[in-house]
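All residue numbers refer to positions in the sequence shown, counting from 1.
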Amino acid sequence: MMDNDPSRFWQYILKAIEKATGQPIDKKLEHLFDLQYMPPLELIVDSLLNELSLFESPLHIVLDDYHHIELDIIHEMVIRLINYLPDHIYLYTASRSKLPFPIAAWRVKS
């Protein structure tokens, strides 16, 4: 499935954020996807986090049908995103199967 391509996955998210907010976040970060090789995955997530921290209004991001995502690297990137999300950004995931996230550890932290 094409959603399991890390580059495509993150480009979809950036485009959805741009569409919802009118902020050109996809244009600001598109250089990360124009490289011949995939940049360090932390760079993609950290760049997104940096841009999200600049948003003044709350933002709700929904990842629907997450059960289609099978690549561990995408799971690791989403976990990193969740771990460092700014307080005014909310991420929701909808899945038909158990999420591969450290939910118990997150509950202990909150």
Side-chain angles (χ1 to χ4, degrees):
M1 178 167 236
M2 296 173 98
D3 292 342
N4 279 292
D5 172 14
S7 177
R8 185 180 305 268
F9 177 86
W10 290 103
Q11 287 180 53
Y12 283 161
I13 289 176
L14 293 175
K15 192 61 172 169
I17 293 170
E18 181 274 328
K19 208 169 189 183
T21 65
Q23 299 293 324
I25 192 169
D26 57 330
K27 301 289 186 257
K28 289 182 181 180
L29 299 180
E30 70 185 353
H31 67 279
L32 296 172
F33 304 99
D34 289 339
L35 305 173
Q36 284 184 322
Y37 58 90
M38 191 76 171
L41 301 176
E42 294 83 10
L43 179 61
I44 293 172
V45 175
D46 292 351
S47 297
L48 174 57
L49 286 165
N50 186 51
E51 291 297 322
L52 291 173
S53 71
L54 301 175
F55 283 28
E56 294 180 9
S57 299
L59 176 66
H60 299 263
I61 301 168
V62 178
L63 301 179
D64 195 15
D65 291 333
Y66 196 85
H67 55 275
H68 290 295
I69 303 301
E70 299 168 351
L71 284 181
D72 287 340
I73 195 65
I74 295 176
H75 300 319
E76 291 169 22
M77 294 171 77
V78 171
I79 290 168
R80 182 174 182 84
L81 178 69
I82 292 169
N83 280 335
Y84 297 104
L85 270 179
D87 291 339
H88 63 290
I89 308 296
Y90 305 91
L91 182 78
Y92 308 91
T93 54
S95 177
R96 294 182 185 171
S97 59
K98 184 178 177 190
L99 294 168
F101 301 153
I103 295 172
W106 289 338
R107 284 187 181 136
V108 170
K109 284 174 71 173
S110 58

> Taking everything shown except Phe101 itself, do over 12 heavy atoms lie less than 6.0 Å from its CZ?
Replying inline: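 Check passes, neighbour count above 12.
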
>> More than 12 heavy atoms of other residues, nucleotides or ligands under 6.0 Å from CG of Asp87: yes or no?
In response: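 Counting neighbours around CG of Asp87, 12 or fewer heavy atoms of other residues, nucleotides or ligands fall under 6.0 Å, so no.
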
> Taking it one step at a time, do Tyr90 and Leu85 satisfy side chain to side chain contact (heavy atoms under 4.5 Å, CB included)?
Replying inline: CA-CA 8 Å; Tyr90 305 91; Leu85 270 179; over 6 Å; no

>> I'd like to know whether Gln23 forms a side chain to side chain contact (heavy atoms under 4.5 Å, CB included) with Ile17, so could you lay out the CA-CA distance, the side-chain angles of the two residues, the decisive distance to 0.1 Å, and finally the verdict.
In response: CA-CA 8 Å; Gln23 299 293 324; Ile17 293 170; 5.9 Å; no

> Step by step, would you call Ile13 with Leu63 a side chain to side chain contact (heavy atoms under 4.5 Å, CB included)?
Replying inline: CA-CA 9 Å; Ile13 289 176; Leu63 301 179; 3.8 Å; yes

> Any idea which heavy atoms bring Pro100 and Ile79 closest together, and the distance?
Replying inline: O-CD1, 3.7 Å

> What closest approach, in Å, do Glu18 and Pro24 show between heavy atoms, and which atom pair accounts for it?
Replying inline: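 Taking every non-hydrogen atom into account, CG-CA, 4.1 Å.
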
>> Using 0.5 Å steps for rounding, measure from the CZ atom of Phe33 to the CG atom of Leu14.
In response: 5.0 Å

>> With a 3.5 Å distance limit and no angle check, can you tell me whether Asn4 reaches the backbone of His68 through a side-chain donor-acceptor pair?
In response: yes

> Any side-chain heavy atom of Ile74 within less than 4.5 Å of one from Val78?
Replying inline: yes

> Are Ile82 and Trp106 side-chain neighbours, meaning at least one heavy-atom pair lies under 4.5 Å?
Replying inline: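 Yes, their side chains come closer than 4.5 Å.
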
> Can you list every pair that meets side chain to side chain donor-acceptor pair (under 3.5 Å) and has a residue in residues 50-61, with sequence neighbours left out?
Replying inline: Lys28-Glu51, His60-Tyr92

> Is it true that Asp46 and Arg80 have a side-chain N and a carboxylate O under 4.0 angstrom from each other?
Replying inline: yes

